[in-house]
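One structure is given below, encoded as structure tokens.
Numbering of ligands and ligand atoms starts at 1, following listing order. Residue numbers count from 1 along this sequence.
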Amino acid sequence: MEKKISPSLMCCDFFEMGKQLSAFEKEKIEYLHVDVMDGVFVPNYTLGTDFIKQVKKNCSIPVDIHLMIENPEEKLDWFCFGEGDIVSIHYESTNNLNIALKKIKDRGAKAFVAIKPVTDFSVFSDVLDLIDGVLVMTVNPGFAGQKLVEGSIEKIEKTRRFLDEKNYQNIEIEVDGNVSFANARLMSDAGANIFVAGTSSVFCGNLSEGIATLREAIK
Ligand code: DX5
Ligand code: ZN
């Protein structure tokens, strides 16, 4: 499966945002990861609806919206997304998973189910026909700069095997949290193909150099 990079915009230098987005376009970055937190599902607030609108207006790269909010199915209409974008909703955040996923797909976007480190990888087995990908959190959602949760690489491996055995080879695996250059290589070997790049990789030095090193690691 094609390997893709999705830089986490919460790690951007907001006062250099324009330059950083241009650098991502120049480097042919596949997605822009946007973390949305509501202070309830996770103990933090981050980016929101107006931010996404601005990004979509000023940059041609598809967005990869990671909703860490309660009952996302009631709030999807607030967000600007469409064809080619990814929207991830958390398994743990709703009792109406299938309704939320259908709403995303009806707007032409790719629907992903995100799971926290404590959540079993097989929970999405009932919605395999509705999803384009799974987002395996490899740190607890809420903050950048954390350490990889133990067992994460094995979880990615098990998830890939589970999907392949059920004949869903086309379902993508995105990984989010402490995707350092070294961890990215292990995650890639374990079967992940979309890599959220934060403070552990592209935002820890020169952007273009970081992207090149990460591309090499996930080859
Ligand atoms: C949370 C975020 C973070 C973060 C990733 O959903 O997506 O995981 O920005 O970057 P790191 O973990 O490298 O700081
Ligand atoms: Zn995220």
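- Between the side chain of Thr138 and the backbone N or O of Asp176, at least one donor-acceptor pair lies under 3.5 Å.
- Numbered from 1 in the order shown, with element, the atoms of ligand 1 that lie under 4.0 Å from a heavy atom of Gly145 read 11 (P), 12 (O), 14 (O).
- In terms of modelled atom types and a separation under 3.5 Å, the side chain of Lys75 and the main chain of Glu70 share a donor-acceptor contact.
- Protein heavy atom nearest atom 14 (O) of ligand 1, with residue, atom name and distance: Thr199 OG1, 2.5 Å.
- Considering Ser6, Gly177, Ser8, Ser88 only, the shortest heavy-atom separation from atom 9 (O) of ligand 1 involves Ser8.
- Taking every heavy atom of Ala144 and a limit of under 4.0 angstrom, the matching atoms of ligand 1 come to 4 (C), 9 (O), 14 (O).
- The CD1 atom of Ile131 lies 9.0 Å from the NZ atom of Lys105; values are rounded to the nearest 0.5 Å.
- Using modelled atom types, one finds a donor on one side chain and an acceptor on the other under 3.5 Å when comparing Tyr168 with Asp129.
- Distance alone, capped at 3.5 Å, is enough to place a donor-acceptor pair between the Asn183 side chain and the Asn178 backbone.
- Listed by number with element, the atoms of ligand 1 under 4.0 Å from a non-hydrogen atom of His33 are 7 (O).
- Between the CZ atom of Phe51 and the OG1 atom of Thr46 there is a distance of 9.5 Å, given to the nearest 0.5 Å.
- Nearest residue to atom 5 (C) of ligand 1 from Asp64, Asn183, Asp176 is Asp176 (criterion: closest heavy atom).
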Determine whether Asp64 and His66 satisfy the following criterion, side-chain hydrogen bond (donor to acceptor under 3.5 Å, both in side chains), listing intermediate values before the conclusion.
CA-CA 6 Å; Asp64 160 27; His66 180 189; over 6 Å; no
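- Considering just the N/O/S atoms of Asp176, the one nearest the Zn ion (ligand 2) carries the name OD2.
- Contacts between Cys11 and ligand 1, counted as non-hydrogen atom pairs separated by less than 4.0 Å, involve the side chain only.
- Short contacts between ligand 1 and Ser200, defined as distances under 4.0 Å to a heavy atom of the residue, involve ligand atoms 11 (P), 12 (O), 13 (O).
- Inspection of the Lys3 and Ser188 side chains reveals an N or O donor paired with an N or O acceptor under 3.5 Å.
- The angle subtended at the Zn ion (ligand 2) by OD1 of Asp35 and ND1 of His66 is 90°, given to the nearest 10°.
- Nearest non-hydrogen protein atom to atom 10 (O) of ligand 1 is Gly198 CA, 3.3 Å.
- In summary, the atoms of ligand 1 found under 4.0 Å from a heavy atom of His66, numbered by their order in the structure, are 6 (O).
- Salt-bridge annotation for Arg160 and Glu157: absent, with no side-chain N of the basic residue lying under 4.0 Å from a carboxylate O of the acidic one.
- The nearest heavy-atom contact from the protein to atom 12 (O) of ligand 1 is Asn178 N, 2.8 Å.
- Among Asp35, Val196, Val175, Val42, the residue whose heavy atom lies closest to atom 2 (C) of ligand 1 is Asp35.
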